[in-house]
Amino acid sequence: MNVVKKMWLVVGSLLLMGVGYWNNVDHHIGSFMLNVLTSEQEKKAAIWLPQYQAIIQSKVINCVDSNLSDITYNKQDQLFYLVVNSPTKVVVVNEQGECLNQVDLQLEDTEALVWVKDNQFIISEERKFKVSLLEINPESENGYQIKDSISLDFLKDKNLGLEALAYNTNSQSIITTKEKSPILFYEIVGLVKNSLNRSDIKIKWLFKKKRFDIDDLSGMYFHSKTGHTMLLSDESQMLVEINQKGSTLSYIDLEKGLYGFKSSIPQAEGITMDDNDNIYIVSEPNLFYKLSPAQ
């Protein structure tokens, strides 16, 4: 992006911030400006969310009544694993959101789930500030087995828990966050390796973000091809793409009339992608969405 474009982007952003403060201007105006001022080369190097359109909308997951919390894609069996926080369970669905299997969990307030490799997943218990590595096998007697766990008690703050998980395939580390006030990002290194030496597991503070133009963080996904991360916000009804430094690259509103949405996503809770870069979002109480790049 050349100097002139950067100057106009800064000026436009400041104007939007001022107008938005007084008149609550929709974020899609800012997204339009990004689309105009970002070069085709920069768009190709990003996920570039404005190119996406809703393909499947408000699909009811029949085996879930309510409290749907997250979704992750298993590259090994090419299925989607959804976590419910009450009653705690994992549900397996196909790319159409049709139920195939489920595993009951003896855990508490399971808020986030991410696939890492084989049949291994990372799961978080939000109010306990606990992250665990577990193996999920719906065909086995118990359905799952906890391999290791780590507590993040130092993050405890009133009623704000661990809201999202992402797996950085490049560094084999886990990214986790506190949902708001402020949004904090931490990296857990060594848990996926399941080392017997606890000193191999380290927790590193990444960064704090105050200005994502989002009020909370409900879901997260790391995109290994670009090294970028997608952030999902329920309260702001937005999906945001950031780079490794936390800078915003693109975003879309998850509202009626935009990007093919016939109705707004009521309470977006989880996000993932498949091998073809299709985006999948789940919402309370039990809704399934698919977004694909425009052809």
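Along the sequence shown, the residues carry numbers beginning at 1.
The stretch residues 94-141 participates, sequence neighbours left out, in these disulfide bond (SG atoms under 2.5 Å apart) pairs: Cys63-Cys99. The stretch residues 80-102 participates, sequence neighbours left out, in no salt bridge (Lys or Arg N to Asp or Glu O under 4.0 Å) pair at all.
Ile252 is connected to Tyr221 through a chain of hydrophobic side-chain contacts under 4.5 Å among Ile, Leu, Val, Met, Phe, Trp and Tyr, so both are in one cluster. Phe121 and Val116 sit in two unconnected hydrophobic clusters of ILVMFWY residues. Membership requires side-chain heavy atoms under 4.5 Å apart, directly or through other members.
Inter-residue side-chain proximity for Val90 and Leu105 is flagged as met; some heavy-atom pair is nearer than 4.5 Å. Considering only heavy atoms from C-beta on, Gln102 comes within 4.5 Å of Val91 through its side chain. Between Asn278 and Pro293 the shortest side-chain heavy-atom distance falls below 4.5 Å. With a 4.5 Å cut-off on side-chain heavy atoms, Met220 and Thr229 count as touching. Contact annotation: the side chain of Glu241 never approaches that of His223 to less than 4.5 Å [non-hydrogen atoms, C-beta and beyond].
Between the side chain of Ser218 and the backbone N or O of Ala268, at least one donor-acceptor pair lies under 3.5 Å. In this structure, the side chain of Gln57 engages the main chain of Lys262 through a donor-acceptor pair within 3.5 Å.
Of the listed residues (Ile271, Ile71, Ile279, Ile265), just one forms a side chain to side chain contact (heavy atoms under 4.5 Å, CB included) with Tyr289, and that residue is Ile265.
Surrounding NZ of Lys225 are more than 12 heavy atoms belonging to other residues, nucleotides or ligands, all under 6.0 Å away.
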Which side-chain N or O atoms in residues 73-85 pair as donor and acceptor under 3.5 Å with protein atoms at least two apart or in another chain?
unit_1	atom_1	unit_2	atom_2	d
Tyr73	OH	Asp275	OD2	3.2
Asn74	OD1	Gln76	N	2.8
Asn74	OD1	Asp77	N	3.3
Asn74	OD1	Trp115	NE1	3.2
Asn74	ND2	Asp77	OD2	3.4
Lys75	NZ	Asp275	OD1	2.9
Asp77	OD1	Leu79	N	3.0
Asp77	OD2	Tyr81	OH	2.6
Asn85	ND2	Ser69	OG	3.1
Asn85	ND2	Glu111	OE1	3.3

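Asn101 and Glu139 share a donor-acceptor pair across their side chains, judged by distance under 3.5 Å alone.
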